[in-house]
Amino acid sequence: DNNTLFLSGLNREWTKEEVTEKLCAVRLRSMCEVNLMDDPHKEGLSRGFCFIEFASHADANRALRKLSNSKFRLEDRSVKCSWAAPLYEPDEEA
């Protein structure tokens, strides 16, 4: 089962620590890791999205329901949340 969510619509100036603090403040349970994606072209900025890993699929599912609520905001930002697509690893024999 997938236990990782994709969260977009973040302020590009927020750091990984700030995003983690904001997610902790809304009491997401069993959050293990936040991976904020840096903008490769603009130092100090992110790409405005992150991946959030949870301890279990059930915890991720609860967080998805909370973060997907149309009234949910991180500060003043409306965010979009979905299941993260699994990383595609090409077959080395192909």
Side-chain angles (χ1 to χ4, degrees):
D1 283 337
N2 191 353
N3 62 346
T4 304
L5 300 179
F6 172 78
L7 185 66
S8 63
L10 302 175
N11 183 326
R12 295 182 64 206
E13 294 179 353
W14 290 346
T15 64
K16 176 181 176 175
E17 292 76 22
E18 289 172 314
V19 171
T20 302
E21 283 176 17
K22 291 171 193 327
L23 293 171
C24 286
V26 296
R27 295 183 287 195
L28 296 185
R29 291 173 45 179
S30 301
M31 197 170 50
C32 297
E33 181 69 34
V34 173
N35 292 307
L36 182 65
M37 306 312 292
D38 293 329
D39 186 329
H41 305 291
K42 304 224 174 166
E43 189 174 338
L45 295 179
S46 77
R47 295 175 66 190
F49 65 88
C50 70
F51 295 93
I52 312 165
E53 185 177 337
F54 291 85
S56 71
H57 178 77
D59 290 331
N61 195 43
R62 277 190 288 278
L64 176 65
R65 287 196 310 268
K66 180 180 264 190
L67 296 170
S68 296
N69 184 318
S70 62
K71 295 177 181 169
F72 181 82
R73 300 276 187 274
L74 276 183
E75 289 195 356
D76 63 341
R77 302 193 66 92
S78 175
V79 295
K80 293 193 184 332
C81 187
S82 62
W83 291 107
L87 181 62
Y88 174 71
E89 296 286 342
D91 186 359
E92 291 183 17
E93 295 180 19

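Under a hydrophobic clustering in which Ile, Leu, Val, Met, Phe, Trp and Tyr are joined whenever their side-chain heavy atoms come within less than 4.5 Å, directly or via other members, L23 and L5 fall into the same cluster. In the hydrophobic cluster analysis, where Ile, Leu, Val, Met, Phe, Trp and Tyr join through side-chain heavy atoms closer than 4.5 angstrom, V34 is grouped apart from F6.
Within the 4.5 Å cutoff, no side-chain heavy atoms of S56 are placed close to those of N3. Contact annotation: the side chain of L7 never approaches that of K80 to less than 4.5 Å [non-hydrogen atoms, C-beta and beyond]. Looking only at side-chain heavy atoms (C-beta outward), S78 and R73 come within less than 4.5 Å of each other. Put simply, the side chain of K22 does not reach to within 4.5 Å of the side chain of V19, judged on heavy atoms.
For the atom pair CG of L67 and CD1 of I52, the computed distance is 5.5 Å after rounding to the nearest 0.5 Å. Atom-to-atom distance recorded for N2:CG and N61:CG is 10.5 Å, nearest 0.5 angstrom. Atom CG of N35 is separated from atom CD of E53 by 7.5 Å, given to the nearest 0.5 angstrom. Interatomic distance, SG of C81 versus CG of L74, reported as 10.0 Å (0.5 Å rounding). One distance of note links SG of C50 with CG of L10; it measures 5.0 Å at 0.5 Å rounding. The distance from the CH2 atom of W14 to the CD atom of E21 is 11.5 Å, given to the nearest 0.5 Å.
With hydrogens and angles ignored, the 3.5 Å screen pairs no side-chain donor or acceptor of R47 with any backbone N or O of D39. The backbone N or O of G9 lies less than 3.5 Å from no partner atom in the side chain of R12, so there is not a single donor-acceptor pair. Between the side chain of K66 and the backbone N or O of V26, at least one donor-acceptor pair lies under 3.5 Å.
For C24, the side chain to side chain contact (heavy atoms under 4.5 Å, CB included) partners are T20, M31, not counting sequence neighbours.
Closest heavy-atom contact between A63 and L28: CB-CD2, 3.9 Å.
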**OP:** Could you please spell out the steps behind the salt bridge (charged side-chain N to carboxylate O under 4.0 Å, His left out) verdict for E33 and K16?
**Re:** CA-CA 10 Å; E33 181 69 34; K16 176 181 176 175; 2.8 Å; yes

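For residues 53-75, the set of pairs meeting the ring-ring contact (aromatic ring centres under 6.0 Å, His included) definition, not counting sequence neighbours, comprises H57-W83.
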